[in-house]
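Only one structure is covered here, and it is reproduced in the block below.
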Amino acid sequence: LQGDWSSDVCSSDLQVLIPTRFPEYLVAAIVIVLAPGPSVLFVIARAISWGRATAVATVGGNALGMLVLSILVAFGLGPILQRSDIAFLSVQFLGGSYLIYLGIDAIRHSQLHAEEMVNQGDIRPSILRSIRDGFWVGSLNPKGLIFFAAILPQFIDRSSPVTSQLILFGVVFAIISFVFDGTWGLLAGTAREKIARNPENLVRLRRLGGSVIIALGLFTFLSALRS
């Protein structure tokens, strides 16, 4: 009897910790990480200019920056979202609008972004500087901020502590970012000469990323309307 009671308590605690829509969140997180946004393009640019080691160090710093950003959002936004329905919907509508803007801007300036990516300078940064640069790109990434503030709330259970759920989502997002952005960096570093010779591929990559971000913005809008 005592064993059954302990099992029920553990199961209950696990359900509180892991939101019911966690699998859906994983899909959304992977989609937005794979979409070539500022962080991915920064990593690819580093890989093209200075190789895989620099790119992976940049990815590590970027993931750490995103983790810090997610924790700040969790403690600042979590209590508000748990108490206010208006704030919950407003964050989604504003975030969806900004994601659509970012996507359109990415498509409009895709040519300029591609040119900047293949002109990173001649001085190879140290590993420590690469981590630091990646950290600031991750912590100041507008796509990441909107994702944590506007998209994450759709997947939380508001009947459970919101802040702890947002922190869990942030940790998972940082891990996913490290894995997939690191893959981008390794691939770009391996094919760096071929990519540098044909910047048009980078233009198409940026436009694809912009289209995915627009789709995520529309998805956020629709989710808010259904709430």
Side-chain angles (χ1 to χ4, degrees), residues 19 21-45 55 58-74 77-78 81 88 91-110 113 117 134-156 165-185 187-188 202 204-224 226-227:
R21 297 187 64 191
F22 185 72
E24 297 172 58
Y25 163 74
L26 285 179
V27 174
I30 291 172
V31 168
I32 200 166
V33 167
L34 288 177
S39 294
V40 170
L41 296 178
F42 185 64
V43 169
I44 292 175
T58 302
V59 168
N62 182 71
L64 181 60
M66 286 188 175
L67 177 60
V68 170
L69 176 61
S70 70
I71 291 174
L72 291 175
V73 171
L77 197 61
L81 294 178
F88 187 77
V91 161
Q92 292 185 66
F93 280 122
L94 291 173
S97 300
Y98 193 56
L99 280 175
I100 293 171
Y101 163 77
L102 288 177
I104 293 173
D105 184 69
I107 293 172
R108 287 180 57 206
H109 297 100
S110 56
H113 293 163
M117 287 173 66
F135 174 86
W136 288 117
V137 170
S139 59
L140 300 176
N141 183 352
K143 187 182 76 170
L145 176 60
I146 297 303
F147 182 77
F148 293 134
I151 297 181
L152 255 63
Q154 302 171 50
F155 302 101
I156 61 175
Q165 294 177 71
L166 291 176
I167 292 174
L168 170 66
F169 284 153
V171 171
V172 172
F173 189 84
I175 294 171
I176 292 173
S177 295
F178 182 80
V179 172
F180 285 99
D181 288 356
T183 302
W184 276 114
L187 291 175
L202 300 177
R204 287 193 286 268
L205 189 66
R206 189 61 173 131
R207 289 174 180 170
L208 173 63
S211 300
V212 173
I213 293 171
I214 290 173
L216 285 170
L218 294 173
F219 169 77
T220 303
F221 253 109
L222 293 174
S223 295
R226 289 199 302 265
S227 299

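Quick note: numbers below take in every heavy atom, side chains included, and nothing from hydrogens, waters or symmetry partners.
Atom CD1 of Ile71 is separated from atom OG of Ser139 by 12.5 Å, given to the nearest 0.5 angstrom. To the nearest 0.5 Å, the span separating CD1 on Ile175 from CZ on Phe180 amounts to 12.0 Å. Atoms CZ and CD, on Phe155 and Gln165 in that order, are 12.5 Å from each other to the nearest 0.5 Å. Of the inter-residue distances, the one linking Phe173 atom CZ with Leu67 atom CG reads 11.0 Å to the nearest 0.5 angstrom. For the atom pair CD1 (Ile214) and OH (Tyr101), the distance works out to 12.5 Å, reported to the nearest 0.5 Å. Between the CG atom of Asp105 and the CD1 atom of Ile100 there is a distance of 13.5 Å, given to the nearest 0.5 Å.
With a 4.5 Å cut-off on side-chain heavy atoms, Pro19 and Leu168 count as touching. With a 4.5 Å cut-off on side-chain heavy atoms, Phe135 and Val68 count as touching.
For Gly138 against Leu69, the heavy-atom pair with the smallest separation is O-CD2, 4.0 Å. Across every non-hydrogen atom of Phe22 and Val172, the tightest pair is CZ-CG2, 4.0 Å. Of all heavy-atom pairs between Ala29 and Ile176, the closest is CB-CD1, 4.0 Å. Minimum heavy-atom separation, Met66 to Phe148: O-CE1, 3.5 Å. Of all the heavy atoms in Gly170 and Ser70, the pair that sits closest is CA-OG, 3.4 Å. Residue Ile167 comes nearest to Ala74 through the heavy atom pair CG1-CB, 3.7 Å, listed as atom of the first residue, atom of the second, then distance.
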Ile156 vs Phe169, test: side chain to side chain contact (heavy atoms under 4.5 Å, CB included). Steps then yes/no. CA-CA 9 Å; Ile156 61 175; Phe169 284 153; 3.7 Å; yes
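Heavy-atom contacts from other residues, nucleotides or ligands closer than 6.0 Å to CZ of Arg21 number more than 12.
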